[in-house]
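What follows is a single structure, written as structure tokens, with notes after it.
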Amino acid sequence: MATVELKNLRKTYLTEEIIKGISLSIEEREFVVFVGPSGCGKSTLLRMIAGLEDITSGDLLIDGHRMNDVEPGKRGLAMVFQSYALYPHMNVYKNMEFGLKLSGMPEAERRAKIEHVARTLQLEPYLNHKPGQLSGGQRQRVAIGRAIVRNPKVFLFDEPLSNLDAALRGQMRVELSALHRKLGATTIYVTHDQVEAMTMADKIVVLQKGVVEQIGSPLELYHHPRNLFVARFIGSPPMNFFSAIFQGGDAAGSSVQLRDGSSLYVPVTSPGLLPGTKVTVGIRPEHVELASSGPNSGVVEVIERLGAITLVHVRMPDGEIIVVQTDGAALTDVDTRVSLTLPPHNCHLFAPDGLAFEACHRHPLAA
Amino acid sequence: MALKTKTSTRIGVTILGWGIALWLFFPIFWMILTSFKSEVQAISTPPKLFFMPTLSSYAEVFERASYWHFALNTVIVSVGATAIAIALAVPAAYSMAFIPSKRTRGTLLWMLSTRMLPPVGVLVPIYLLARNTHLLDTCTGLVIVDMLTNLPIIVWMLYTFFREVPAPILEAGRMDGATRWQEMTMVLLPLALPGIASTALLSLILCWNEAFWSLNLTSSHAAPLTAFIASFSSPEGLFFGKLSAASTLAVAPILIFGWISQKQLVRGLTFGAVK
Ligand SMILES: Nc1ncnc2c1ncn2[C@@H]1O[C@H](COP(=O)(O)OP(=O)(O)OP(=O)(O)O)[C@@H](O)[C@H]1O
Ligand SMILES: [Mg+2]
């Protein structure tokens, strides 16, 4: 098992810088997920680690050894591609055997390994099938099997589940997590599915436009997003935002004035802002509470009933929509007037530059 | 209604297809027909469609020239030129398709542009080069010239076939520890085999029928079948029966070979569609 370290990695295509200085340490056995919007450079970064893209500058260390100029096949990595990228002209057995053969492993040892992996992944009945004869899920298993047999120090996955249907994706997600626990290999996983990121990761790296926005455990990102981008990106449905005026702060919290004139005292430290500055308040739909009367009232515009939960879209007097998540049996109706309660300890404040005010108390699960 | 239109369209297309096929095949058909006529029948007007076939033209052709000598030269030259061209074109097309640079596009266009030059434009320099390197009237000389004239087309065709192969498959090979060479030979080539086969077949046909350089750079020792045909067209006036027999003999092998491998050819040329 291995550690991976990125030191100020950069990548330039022609004149455009795609990866703008990324530093990151990945511990042994850690499951790290890269998330970010499309085009932010996740795949490029993964491919730089794999050796499929040149590193323009910076250092890539695997187990402490500089790997910038080492051939992809010699870095001790295995990669699973989004399109599976199985060898179409080889059957499942040969697909898994290819890398072992190249490494000069004796025939008997190869066979034993492949059979073992095929058993683990329930691929035994298909060893003689060509990839074209397999379903998407089976192909994905073969791709994973091909990675596992090589016994790599680090697994790289580039959106491996995105071509599967929702049910299969859920099942494979669980299988992959179980596999990771069993093999204990360091894993780097690229996805833009935040359920995958939240459920599988030990550590999430949020990327935007080639820079790291935040690195942390899933719950750390959820409870303590470092800035507006991460706050908006992590969590579904996304966090609600509205503007407010900063009034002042002390050691125990900061107070802001909302649009309707009411004020809110949030337990976050203010980073030396002048009173009167415009700030952004953020609160997740699952933290807003509905009341029939009180301040912060608005009109229900849309109701989405998902069974277990209900999403209520409330239009506020200033025109903004706030989404509230309540339980599935909520009796609220469209066009009725409701009031919103904003529990202060669940509110986030963001300075004009987008950075979050630091919470006075860390969430116990995100210490 | 829609069905009716469809049927009539289909009949129209079928007739058109047959028409074009017959139009293309007619010269070959007439050549073969004429080769079985006597010289008198061959030039009779109106031309005869039904007649008593004779092998006299073939007998005379075999008597006057050694067919096998010419045929052997053609086989050596076409196979040699094709083999070398493919061997050179595969790595070239591989790097253009999978490791493109800013200049790849331009290089490809430039290569193709050399095909637009009329060969006669470089006749003198090439003739002199061949003479000074003692390659006149040698198979080696003809192999080099044929190989070089076909190389641009072969690189282009292989390039388009290789572009059909998804890059991640090759990258998976590299992750599995394959060197560039192994990636090319063990992953790419098996996948692009139909395309390579049809490219080779095309090159073979082009070399087989190549006349300009054969006639100008060879005289006897290395003369291929195109020179064999030409030898029946000039000296004592035209004898259509013998000329047709010689032509039929010259094209028969490649025609039969092409016929046998046409399934492969079609598969290669529609590679992208059936992937
Ligand atoms: N070969 C290339 N040449 C030039 N630009 C490239 C190249 N490959 C990627 N890019 C650019 O780099 C940026 C990052 O691409 P990348 O594929 O890493 O994004 P991504 O985060 O994986 O997106 P997605 O979620 O859509 O897969 C994109 O803006 C893309 O246009
Ligand atoms: Mg990507």
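Naming convention: chains lettered A, B, ... in sequence-line order (proteins, then strands); numbering from 1 in each chain.
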Please report all inter-chain donor-acceptor pairs (under 3.5 Å) between chain B and chain A, with distances to 0.1 Å.
unit_1 : atom_1 : unit_2 : atom_2 : d
B/E171 : OE1    : A/R47  : NH1    : 2.8
B/E171 : OE2    : A/R47  : NH1    : 3.3
B/E171 : OE2    : A/R47  : NH2    : 2.9
B/A172 : O      : A/Y87  : OH     : 3.3
B/G173 : N      : A/Y87  : OH     : 3.3
B/R174 : O      : A/G73  : N      : 3.4
B/M175 : O      : A/R150 : NH1    : 2.7
B/D176 : OD2    : A/Y87  : OH     : 2.7
B/M186 : O      : A/H89  : NE2    : 3.2

- For residues 76-105 of chain B, pull every pair meeting ring pair (Phe, Tyr, Trp, His ring centres under 6.0 Å), keeping only residues two or more places apart or in separate chains.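 Pairs touching residues 76-105 of chain B that pass the test: B/Y94-B/F98.
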- Message: Below 4.5 Å, heavy-atom pairs only: which of A/P72, A/G132, A/A147, A/A143 has the largest tally toward chain B?
- Response: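 Most heavy-atom pairs within the cutoff with chain B belong to A/P72.
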- Item | Winner by heavy-atom pair count (cut-off under 4.5 Å) against chain B, out of A/A78, A/A50, A/G51 |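 Highest number of pairs under 4.5 Å: A/A50.
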- Task: Considering only heavy atoms and a distance below 4.5 Å, find which of B/A167, B/A172, B/G177 pairs most often with chain A.
- Result: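 Greatest number of close heavy-atom pairs with chain A: B/A172.
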- Task: Could you tell me which non-hydrogen atom of A/F98 sits nearest to which non-hydrogen atom of B/A178, and how far apart they are?
- Result: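 Heavy atoms only, the tightest pair is CE2-CB, 4.3 Å.
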- Which bit of A/L100 is near chain B, if near means a heavy-atom gap under 4.5 Å: side chain, backbone, both or neither?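 Neither part.
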- Contact origin within A/L77 toward chain B - heavy atom pairs under 4.5 Å: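 Its backbone and side chain both get close to chain B.
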- Task: Tabulate, in ascending numerical order, the residues of residues 15-22 of chain B having at least one heavy atom closer than 4.5 Å to a heavy atom of chain A, or enter 'none'.
- Result: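 If one takes a 4.5 Å heavy-atom cut-off, no residue of residues 15-22 of chain B lies near chain A.
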- Message: Taking CZ in B/F212 as the centre, count heavy atoms belonging to other residues, nucleotides or ligands within less than 6.0 Å. Is the count above 12?
- Response: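 Atom CZ in B/F212 is crowded, with more than 12 foreign heavy atoms closer than 6.0 Å.
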- Message: For the CZ atom of A/F81 and the CE atom of B/M175, what is their distance to the nearest 0.5 Å?
- Response: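 Going from CZ on A/F81 over to CE on B/M175, the span is 6.5 Å.
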- Could I get the full list of ring-ring contact (aromatic ring centres under 6.0 Å, His included) partners for B/F26, not counting sequence neighbours?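 Partners of B/F26 under the ring-ring contact (aromatic ring centres under 6.0 Å, His included) test: B/W30.
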